[in-house]
Asks: 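Starting off with a structure, shown below.
Order of the sequence lines sets the chain letters (A, B, ...), proteins ahead of strands, with each chain counted from 1.
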Amino acid sequence: MSNDSLVILVRHTPYSSHHARAAMDLTLTAAAFDSDVGVVFMDEGVFQLISGQDTGTSGFKNVGKMIPALAAYDVDKVYVHTPSAARFSIEDEYAMDGLLPLDDEALKTLVQNARHVMVY
Amino acid sequence: MILHTVNKYSDCISACMSVADKEDAVLLLEDGVYAALDMDDNRHFWASISTVSRHYVLEADLAARGISDKMLARFNVVSWQDFVALSAESDKVISWG
Amino acid sequence: MKFSIIVNGAPWSSPSALSALHFAEAVAESEHELYRVFFYQDGVHNASAFVVPPQDETDLPSRWQRLIDNHHVDAVVCAASALKRGVIDAAEADRYEKSGHNLLPGFTISGLGQLVDAFQISDRVINFPT
């Protein structure tokens, strides 16, 4: 990533708090402002990637449906922390194609090299 | 050097440590200061961590919790002004909470 | 060095708003520049004129105002977060036909682009999560 990069670490489940929406809003806004932005789904954040989220009865804004929108808004650096996905056994259930896998070492490198890092 | 700040006594400390490097620093504030308390769980935790070589804890939050004299020796007590200086010295600040 | 700060917590709901204030004051009094303080999510309540603090507790909205006035701080309240939580200025009160407005003087309401700008311009961005 460039010297101007912003890495957003997404660690929370999709419907526990404002974190999921806030991370998505910041990612999309950063992309709209031509920031070099990357988003990493890790720890319990990988639950946001599960396809088939149905919020019709609950009334929440559907986080799963927002994930594929990242590509539509030119966010091409969307990563999944593979140890987290394996831990929660969700590797085959992603809501979007083209997720870039990151192991522990690659995640550490990405974080170390970014200009700014936000944790949600 | 990255300055990692942790404001909770929870698993976010482990997440922080897993992406930290050996040269990095950690600063505990708010309820995060309980991770600096000298007791078995904390002693074992910090002994098991191979990343992070500088450990700081915010004085005001220690004092508020009445635990200023109960800390692990590896932690250096800092003021808000020190927090600013450490932030400037670092390459970036990552807040875990 | 340019610092920006993100405030996510409402006054008294968590310690984070007060932590953010202490840090902001320390930056303002240092050799460094406080580029922007961005009030996001529940942090927008720090900018509300309708907050009545308990007598024996820190009056966070007033302390922020004092910091803004004394050091000419760019204090930005996220528009989307503010609307959802009922922190609105006169223009929005008019637009949405609300019975009053409560944005404290010194704060401005703007979009999330101002936070992105803070990331692009600042050397250090310190987030205070709830």
Asks: Run the side-chain donor-acceptor check on residues 98-106 of chain A: report pairs under 3.5 Å with partners two or more places apart or on a different chain.
Replies:
from: Asp103(A); atom 1: OD1; to: Glu105(A); atom 2: N; distance (Å): 3.3
from: Asp103(A); atom 1: OD1; to: Ala106(A); atom 2: N; distance (Å): 2.8
from: Asp104(A); atom 1: OD1; to: His81(A); atom 2: NE2; distance (Å): 2.7

Asks: Minimum heavy-atom separation for Ala15(B) and Asp43(A), please, with both atom names.
Replies: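 Looking at all heavy atoms of both residues, the closest pair is CB-OD2, 3.7 Å.
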
Asks: Can you find a pair of side-chain heavy atoms, one from Lys108(A) and one from Thr51(B), that are under 4.5 Å apart?
Replies: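 Touching, per the 4.5 Å side-chain cut-off.
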
Asks: Measuring heavy-atom distances to chain A, does Asp24(B) have an atom under 4.5 Å in its side chain, in its backbone, in both, or in neither?
Replies: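 Contact with chain A is through the side chain of Asp24(B) alone.
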
Asks: Got a sec: does the CZ of Phe45(B) have more than 12 other heavy atoms crowding it under 6.0 Å?
Replies: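 Yes, because the 6.0 Å sphere around CZ of Phe45(B) holds more than 12 heavy atoms from other groups.
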
Asks: Work out which heavy atom in Lys92(B) is nearest to a heavy atom in Gln112(A); give both atom names and the distance.
Replies: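 So the minimum-distance heavy-atom pair works out to NZ-O, 2.8 Å.
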
Asks: I need the contact set between residues 9-29 of chain A and chain B: heavy-atom distance under 4.5 Å, sorted by residue number.
Replies: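 At a heavy-atom separation under 4.5 Å, chain B is reached by Leu9(A), Arg11(A), His12(A).
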
Asks: Has Asp69(B) got more than 12 heavy atoms of other residues, nucleotides or ligands less than 6.0 Å from its CG?
Replies: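 Above 12, so yes.
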
Asks: Are Ile2(B) and Val111(A) packed together at the side-chain level, in the sense that at least one heavy-atom pair is separated by less than 4.5 angstrom?
Replies: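 Sidechains of Val111(A) and Ile2(B): in contact.
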
